Amino acid sequence: MWVRLAAAAFAASALPASLFAEPAPAFVWALSDQLYYPSGIAADASGNLYVTDRDNHRIQKFDSNGVPLLQWGMYGSGDGQLLGAYGITVDSAGDVYVAEWFNRRIQKFHPDGTFVMKFGSAGTGPGQFDYPSGVAVDQSGNIYVADRNNHRVQKFDSNGVYIRQWGSHGAADGQFRYTYGIAVDSIGNVYVADSQNNRIQKFDSNGVFLTKWGSLGTGDNQFNYLLTVAVDSMGNVYAGDVSYIRKFDSNGVFLSRWGGPWFKATYPGTGEGLFSWPTGIAVRAGAVYVTDMFNDRIEKFVYTTTPDTTPPVVDAAISPPPNAAGWNSTAVTVSWTVADPESGIASTSGCDTVGLTANTTGTSFSCTATNGDGLTTIVPVTVKIDKDPPSVTHTVTGTLALNGWYLTDVTVSWSVNDPTSGIAATSGCSSTTLTANTPGTTLTCVATNGAGLAATASVVIKIDKSAPAVIGNLAAVIAGLPNVEAGLKNALTAKLQSALASLARGNGQAARNELNAFINQVEAQRGKKLPLAVADLLIQQARNALTAISL
């Protein structure tokens with residue numbers, strides 16, 4: 001039987017909208033289609049409604065206009081049979097979960113009513129139930145059950161395998177006095193209708209207490225025997241007590257309510273917009289559906305809103321933030337903030353938090369968010385990471401003597417490289433030639449890559465181009481020659497010592513004569529008693545000494 005009433009009639013029974021932070025939704029229709037104590041209601045992604053027709057021991061399926069589509073179930077305890085079907089929910093795949101009071105179990109069905117699985121039995125142990133009254137499924141497929149008379153919440157995986165539980169009988173945070181309803185929001189927070197404590201408690205997905213609100217009474221933030229709880233796509237929370245539906249934000253801030261007062265002698269009236277034990281709430285696409293149990297009906301309400309013409313706001317956050325060139329020098333976390341204050345967020349894709357640890361010249365992500373009116377925002381972000389500083393190497397060109405001394409002019413050149421983010425800046429890395437004698441000149445090259453990491457390399461150059469230094473080094477070279485006759489080595493060394501003695505007396509000409517004699521003797525043995533390369537080295541250093549004497 002269909003019953004309709006103009007919205008004005010409902011408005012007369014409701015409290016003035018001006019009293020609330022937002023107006024209550026408008027009444028659309030009331031449906032009583034062979035319902036006998038309808039208890040729970042859930043909506044799928046297409047807007048179809050699933051109702052636990054409790055005392056008819058069946059599930060009824062309707063479209064969003066209340067047109068009957070399907071029913072299944074019968075009295076009994078076998079697979080697909082029902083006994084006290086109460087709470088109901090639908091997962092993202094469209095499968096239906098039903099909490100049964102008297103069979104003390106959860107059953108799962110496909111949208112066409114085909115039985116899939118069951119779990120639970122009577123008792124107080126893990127995975128057992130005593131009047132399970134509410135069931136909810138998160139986006140990962142985990143199942144949460146309001147285990148009413150055991151005063152707790154139980155969590156299961158998508159196969160019905162027990163994971164954890166929380167709660168006990170009491171009034172402290174995290175305790176319950178009859179858990180009648182349960183709901184999960186889009187980020188995994190769990191809301192529990194703590195019935196006889198007349199409050200809603202909010203937990204994270206592991207059962208960690210977050211907040212609570214409510215007390216006994218008829219005020220905006222009060223309840224008179226809390227029966228059910230639901231969450232919409234924007235995270236708003238709806239709660240039903242014996243005669244009112246109240247709406248809150250996700251932190252428990254009161255927004256609105258509708259329904260009628262509770263009469264001590266009788267149940268509230270049967271007019272549209274009034275309730276007598278609203279035990280189930282489903283919210284979909286701006287519509288609120290309520291199972292009005294003792295009136296054996298479903299009521300539909302809608303929010304009158306203007307179309308949302310503004311797409312969602314999507315912000316990306318890279319932590320830590322990149323530098324001005326867009327590079328990070330450490331591991332990075334990319335997270336997203338998605339919001340639409342008007343029509344809410346209907347769906348997201350690619351908006352999960354991700355972490356990157358490896359070097360990358362550019363890894364791209366994008367978050368897509370669609371609001372309740374179908375407008376979509378896509379925000380891309382590219383992450384570049386270089387955790388390694390540049391490489392800096394040097395090359396020294398010159399004649400190296402003993403103990404790191406050079407006997408000639410020295411040229412120092414640098415090579416800098418960064419294969420990931422490239423070289424952004426250098427300092428002191430130009431090629432440098434040193435010509436003067438020096439006991440130690442330090443040259444330093446600093447290279448900075450695109451990620452801001454710097455590498456520093458230094459080299460100390462010592463130069464002594466004086467004749468005694470060159471001749472002394474030449475004598476040391478001869479002394480260390482392998483496989484050369486001792487007599488030849490002694491003869492060559494004697495000429496060098498004679499040259500040094502002449503220099504000590506200030507007789508440069510005599511020193512040049514000795515060095516020329518040295519060169520002639522080496523040339524005479526070149527390729528004979530002296531290997532070609534060795535001879536050429538000795539001749540070149542002797543000529544360097546001659547040049548130094550000339551200077």
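Quantities reported herein were computed from a predicted structural model and do not represent experimental measurements. Quick note: numbers below take in every heavy atom, side chains included, and nothing from hydrogens, waters or symmetry partners.
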Undergrad: Working note: Trp327 + Ile385, criterion side-chain contact (heavy atoms from CB on, under 4.5 Å); need CA distance, chi angles, decisive distance, verdict.
TA: CA-CA 6 Å; Trp327 283 93; Ile385 300 175; 5.7 Å; no
Undergrad: Is the shortest heavy-atom distance from the side chain of Ser186 to the side chain of Gln139 under 4.5 Å?
TA: yes
Undergrad: In this structure, which one of Arg105, Lys118, Arg148 forms a salt bridge (charged side-chain N to carboxylate O under 4.0 Å, His left out) with Glu100?
TA: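 Filter result, single survivor: Arg105.
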Undergrad: May I ask you to check whether Phe176 and Phe203 place their ring centres under 6.0 Å from each other?
TA: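 Yes.
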Undergrad: Distance only, no hydrogens: is a donor on one side chain within 3.5 Å (strictly under) of an acceptor on the other, for Thr353 and Ser335?
TA: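 No, Ser335 and Thr353 have no side-chain donor paired with an acceptor closer than 3.5 Å.
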Undergrad: Where do Val396 and Tyr406 come nearest, in terms of heavy atoms and distance?
TA: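 Nearest pair, atom of Val396 first, then Tyr406: CG1-OH, 3.2 Å.
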Undergrad: Provide the closest heavy-atom pair for Pro111 versus Asp95 in the form atom of the first, atom of the second, distance.
TA: CD-OD1, 3.6 Å
Undergrad: For residues Ser364 and Thr382, is any side-chain donor paired with an opposing acceptor at under 3.5 Å?
TA: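 Distance-only check passes for Ser364 and Thr382.
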Undergrad: For the residue pair Asn198 / Gln222, report whether a side-chain donor-acceptor contact shorter than 3.5 Å exists.
TA: no
Undergrad: Return the minimal non-hydrogen interatomic distance between Thr377 and Pro311, and the atom names on each side.
TA: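 It is OG1-CB, 3.3 Å.
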Undergrad: Measure the CD1-OH distance between Ile88 and Tyr97 for me, rounded to the nearest 0.5 Å.
TA: 12.0 Å
Undergrad: How far does OG of Ser366 sit from CD1 of Ile378, to the nearest 0.5 angstrom?
TA: 6.5 Å
Undergrad: Give, for atom CE of Met117 and atom CG of Asn159, the distance between the pair rounded to the nearest 0.5 Å.
TA: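 It is 6.0 Å, given to the nearest 0.5 Å.
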Undergrad: Tell me whether the NZ or CZ atom of Lys247 lies within the 45° cone about the ring axis of Tyr303 and under 6.0 Å from its centre.
TA: yes
Undergrad: Please check if any side-chain donor atom of Asn48 sits under 3.5 Å from a side-chain acceptor atom of Asp63, or the reverse.
TA: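 No donor-acceptor contact under 3.5 Å links the two side chains.
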Undergrad: What distance separates Ile345 CD1 from Asp340 CG, expressed to the nearest 0.5 Å?
TA: 5.0 Å
Undergrad: Atom CH2 in Trp405, atom NZ in Lys462: separation rounded to 0.5 Å?
TA: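 Going from the CH2 atom of Trp405 to the NZ atom of Lys462 covers 6.0 Å.
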Undergrad: Check whether Thr179 reaches the backbone of Asp147 with its side chain - one donor and one acceptor, N or O, closer than 3.5 Å.
TA: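 Confirmed, Thr179 side chain pairs with Asp147 backbone.
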Undergrad: For Lys465, which of Asn437, Asp409, Thr547 qualifies under side chain to side chain donor-acceptor pair (under 3.5 Å)?
TA: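 Single side chain to side chain donor-acceptor pair (under 3.5 Å) partner of Lys465 among Asn437, Asp409, Thr547: Asp409.
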Undergrad: I need the full list of disulfide bond (SG atoms under 2.5 Å apart) pairs touching residues 316-348, with sequence neighbours left out, sorted by first then second residue.
TA: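 Residue pairs passing disulfide bond (SG atoms under 2.5 Å apart), neighbours aside: none found.
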Undergrad: Can you tell me if Asp388 and Asn359 form a side-chain donor-acceptor pair at under 3.5 Å?
TA: yes
Undergrad: Checking side-chain polar atoms at under 3.5 Å, does Asp315 have a donor or acceptor matched by the opposite partner on Thr337?
TA: no
Undergrad: With a 4.0 Å cut-off on N to O distance, would you call Asp220 and Arg246 a salt bridge?
TA: no
Undergrad: Drop me the distance from Ile549's CD1 to Ile471's CD1, to the nearest 0.5 angstrom.
TA: 5.0 Å
Undergrad: Return the minimal non-hydrogen interatomic distance between Ile41 and Gly280, and the atom names on each side.
TA: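 Taking Ile41 first and Gly280 second, the nearest heavy atoms are CG2-C, 3.6 Å.
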Undergrad: Is a side-chain donor or acceptor of Asn449 paired with a backbone partner of Ala451 at a separation under 3.5 angstrom?
TA: yes
Undergrad: Would you name the heavy atoms of Trp336 and Gly350 that are closest together and state the gap between them?
TA: NE1-O, 3.6 Å
Undergrad: Minimum heavy-atom separation for Thr448 and Ala454, please, with both atom names.
TA: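 Closest approach of Thr448 to Ala454, heavy atoms only: OG1-CB, 3.7 Å.
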Undergrad: Please check this pair: side chain of Asn371 against backbone of Thr310, looking for a donor-acceptor N/O pair closer than 3.5 Å.
TA: yes
Undergrad: Taking the six-membered ring for Trp, are Tyr178 and His151 ring centroids under 6.0 Å apart?
TA: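 Yes; His151 has its ring centre under 6.0 Å from that of Tyr178.
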Undergrad: What I want to check is whether the side chains of Thr442 and Ser458 have a donor and an acceptor closer together than 3.5 Å.
TA: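 No, because no side-chain N or O of Thr442 sits under 3.5 Å from a partner of the opposite role on Ser458.
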Undergrad: For the residue pair Asp112 and Thr114, confirm or rule out a side-chain donor-acceptor distance under 3.5 Å.
TA: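 The criterion, which ignores hydrogens and geometry beyond distance, is satisfied for Thr114 and Asp112.
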Undergrad: Looking at Arg526 and Asp536, is any side-chain nitrogen of the basic one under 4.0 Å from a carboxylate oxygen of the acidic one?
TA: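 Here Asp536 pairs with Arg526 in a salt bridge, since their nearest N and O are under 4.0 Å apart.
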Undergrad: Using the six-membered ring wherever Trp is involved, compare the ring planes of Tyr191 and Trp213 and label them parallel, tilted or perpendicular (cut-offs 30° and 60°).
TA: perpendicular
Undergrad: Answer yes when Arg104 and Asp130 have at least one side-chain N-carboxylate O distance shorter than 4.0 Å, and no when they do not.
TA: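 Salt bridge between Arg104 and Asp130, a charged N being under 4.0 Å from a carboxylate O: yes.
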Undergrad: Which one of Val410, Thr441, Thr408 satisfies the side chain to side chain contact (heavy atoms under 4.5 Å, CB included) criterion with Ile463?
TA: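 It is Val410, the one option of Val410, Thr441, Thr408 that forms the side chain to side chain contact (heavy atoms under 4.5 Å, CB included) with Ile463.
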